[in-house]
Structure formats: structure tokens, C-alpha cells
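Note that the numbering runs from 1 along the sequence shown for the chain. Every value quoted in this text rests on a predicted model; they were computed, and no experiment measured them. Worth knowing before you read on, the calculation uses all heavy atoms, side chains too, and leaves out hydrogens, waters and symmetry mates.
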Amino acid sequence: MTAYMIIAGVIVSIAALVGTFLVGKDVSRQMKQYEEEGDTVENELARSHDYEKTSLKYNIKRLSWMYAALMFVVLIVSIGIAYYGK
């Protein structure tokens, strides 16, 4: 039973890590697209404001949910190990 809980914790941890990389990859893709379009001061300022709004709405929410789920699973696994490990 303990081994299954540890495996579940590892799987959820890997899923959170992959999710973090996907969010980072999405941000990098946007930055590359902006660099290809060319930069003016006005465009950079507009993108900066847009990124602040978008990042708080989507990226931070996604990452928060992923890591909240990770913490929950790790807590359950820890309790399970303490209970069944004896």
C-alpha cells in the first residue's frame, strides 16, 4: 500500500513539473513571437501591461492549482505512510 502511495506522489509531482514547463514554454513562445514582430517603445509598453494582466489571470492560476493538488497528494501520501508504515 505504501509503495502505491509513493508512486502516486511521484506521478503527481512529475505532472506538476511538466505543467510548469508547459507554462514556461508558452511564455517563451510568446516572447519569441514578439521579438519576430519587431519592437517599438509603445508596443513593448502595451505588451508589458497585457502580460501582467494575462499572467495573473492564467499562468498564476494554473500553477497555483497544480501545486495545490501536489501538496494535497503529498499530504495524503505522508499520512498514509505514517498510518500504514507501522
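For the side-chain contact (heavy atoms from CB on, under 4.5 Å) test, residues two or more places apart in sequence or in another chain that qualify with Glu42 are Thr40.
Under the 4.5 Å side-chain criterion, counting only non-hydrogen atoms from C-beta, Met66 is not in contact with Leu22.
Both Val18 and Val10 belong to a common hydrophobic cluster when Ile, Leu, Val, Met, Phe, Trp and Tyr are linked at side-chain heavy-atom distances under 4.5 angstrom. Ile79 and Val73 end up in different hydrophobic clusters when Ile, Leu, Val, Met, Phe, Trp and Tyr side chains are linked at under 4.5 Å. In the hydrophobic clustering of ILVMFWY residues, with side-chain heavy atoms under 4.5 Å counting as a link, Val74 and Ile14 come out together. By the rule that hydrophobic residues join a cluster once side-chain heavy atoms approach within less than 4.5 Å of another member, Met71 and Leu75 end up as members of separate clusters.
Think of Ile11 as one node in a network of Ile, Leu, Val, Met, Phe, Trp and Tyr side chains linked at under 4.5 Å; its network also takes in Ile7. Clustering of Ile, Leu, Val, Met, Phe, Trp and Tyr by side-chain heavy atoms under 4.5 Å joins Phe21 with Leu17.
Among residue pairs with one or both ends in residues 7-20, those qualifying as side-chain hydrogen bond (donor to acceptor under 3.5 Å, both in side chains) are Thr20-Tyr67; sequence neighbours excluded.
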